[in-house]
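Data first, discussion second: the structure below is written as structure tokens.
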Amino acid sequence: MTELTDQISQAMEQAARAFESYKNVPGKLRAAFLRQIGDEINLLGDELIHTVMNETNLPEGRVRGEKNRTTGQLNKFADLLEDGSWVEATIDTGDPVRSPIPKPDLRKLLIPVGPVVVFGAGNFPLAFSATGGDTASALAGGNPVVVKGHPAHPKTSQLVAKAIKKALQKFALPEGVFELIQDSGHKSGQLLVQHPQTKAVGFTGSQQGGMALVKLASQRPEPIPVFAEMGSVNPVVILPEALKDNHTAIAEKLVASVNLGAGQFCTNPGLIITTKRKGFESFIEEIGKQVKAAPGARMFSDQVFQNYQLNSEKVFSFSEVSSVEARTETPATGEVGPAVGLVKAADFIAQPNLHEEVFGPFSLVVACDTDEQLAEVVQALKGQLTITIQATPDELANRKELISALLGKCGRLLFNGVPTGVEVCAAMQHGGPFPASSDSRFTSVGVSAIKRFVRPVSYQDFPQDLLPEELKDENPLNIWRLVNNEWTKEQI
Ligand code: NAP
């Protein structure tokens, strides 16, 4: 065996051993452990902030905000565990005298799946990396985690991994509950996904990377789920009345959203679909002005910067695409500014390459001649994380068919906002039809993300004293349960 194979085997076997005890750690103790991780991250102070800034070019404000989001989501999962109702305890009491056959007593709840492999995201060095949402949700569910650190920020990953290990020690939890593998190159990720002890995978990144891992996981002797959050162009559909009345304000907020964080967000609005009605020319003009005036920023790695230049140039190389305004080349500082292209609806529909994500501060305006053509463009869209409608309340009320078509294409539908800025809360859906994610039934943001790493199990006719606390008649944890089809906290 090579050194890398050894290292991965050791991490996964250790995780499997740790699972045997970690899965039985009571929810309240797991909650305290998650809060401790947050405290340890806070204790890293400015060292962490400066390390992230040095490795990713992200500005201080963004890094501090992302650090707070990271500790905030750990605390949210802790709240979930303390409440305890998340296990979805469901009880159908038996009826031994039912005729013609007795009804069994069935009691169901969610349990952890086992060791989870997490691929740290390049664009979120804290909130979606070693100690990010995937790790927090897997640990909350009772699963050990092995992280494949993203090669763009190894020192950051190392620092937060140390914070998790300190928290493990403070709670005397097994070492194997968390491990970090830092090896750039596809081999380590492939070995982790293929390892027999791996039971699920969380991933954020490119469609190519995500799909390679989905394929690998499905070809294992024991196939496992890969929850991959991949590319999305997050279309913004602007209806005529909004365009007529608000084109200046809409252009301003869209360019700000496209350019936010150098466009390195999975919810970046990469497509703007509208009709050539009153206000269209002024809208395009305003976009040009805003692009010219927008600040530049450096991207999180040279590789991602090069990809951005390559992919945006590719879009502009199509003769059907004209440039509204483009600031793709500022090599002296390494900073990129936004770029916006323009294409006719028929050309967009005919050219599949224009439907692909250009990761960075890029967007493409699709100009439709009629409402019917706009509906055709919507029909041609692939699955998305988000879709936004810019409309007046009155015109939205008359477009129920369009709303229904848009819902069929995305995981989150916004009215008059911008898709960047993902709230971490219970009602958030961050995941959409393929290719936005590999399984649109789940979210990778918010506490529902825990559902990716747990599975339901039923106990039939089990003695009370052998049932988990959540399923006992007296409800000792005082959680919400679905008992004989009614939600209750009462004792049975
Ligand atoms: P990526 O190339 O998909 O890589 C993400 C992680 O997956 C890395 O740890 C990478 O490891 C691993 N990986 C990728 N392909 C793999 C394969 N075939 N087998 C095993 N492991 C694999 O994403 P990235 O490095 O963050 O950025 C590259 C591009 O992805 C960007 O330019 C952008 O287009 C896109 N992206 C999209 C989003 C989004 O939210 N939609 C977010 C980030 C990036 P190694 O590199 O060490 O092999």
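Remember, it's 1-based here, ligands and their atoms both numbered in the order they're listed. Along the sequence shown, residues carry numbers from 1.
Between Met230 and ligand 1, at least one N/O pair is under 3.5 Å apart. Any N or O atom pair closer than 3.5 Å counts here, and Gly185 shares at least one such pair with ligand 1. For a threshold of 3.5 Å applied to N or O pairs, the pair formed by Thr204 and ligand 1 contains no separation below that value. Considering backbone and side-chain N/O atoms, Ser232 never comes within less than 3.5 Å of an N/O atom of ligand 1.
Using a 4.0 Å cut-off between heavy atoms, Val193 makes no contact with ligand 1 at all. Residue Glu357 touches ligand 1 through its side chain alone, judged by heavy-atom distances below 4.0 Å. At a heavy-atom cutoff of 4.0 Å, ligand 1 is contacted by no atom of Gln208, backbone or side chain.
Using a cutoff of 4.0 Å between basic side-chain nitrogens and carboxylate oxygens, Arg17 and Glu20 are not scored as salt-bridged. Salt bridge Lys289/Glu286: present, at least one basic N to carboxylate O contact under 4.0 Å. Looking at Glu40 and Lys170, a side-chain N of the basic residue comes within less than 4.0 Å of a carboxylate O on the acidic one, giving a salt bridge.
Here the side chain of Glu66 pairs a donor or acceptor atom with the backbone of Leu126 at under 3.5 angstrom.
Note that the CD atom of Gln190 and the CG atom of Leu4 stand 10.5 Å from one another [nearest 0.5 Å].
Atoms of ligand 1 lying under 4.0 Å from any heavy atom of Ala212, numbered from 1 in the order shown and given with element: 18 (N).
In this comparison of Ser206, Gly209, Gly205, the heavy atom closest to atom 3 (O) of ligand 1 sits on Ser206. Scanning Cys266, Ala436, Gly120 for the heavy atom closest to atom 39 (C) of ligand 1 points to Cys266.
Heavy atoms of Gln207 stay at 4.0 angstrom or farther from ligand 1. By the 4.0 Å heavy-atom criterion, Ala121 is excluded from the residues contacting ligand 1. Note on ligand 1: Phe265 sits outside its first shell, no heavy atom being nearer than 4.0 Å.
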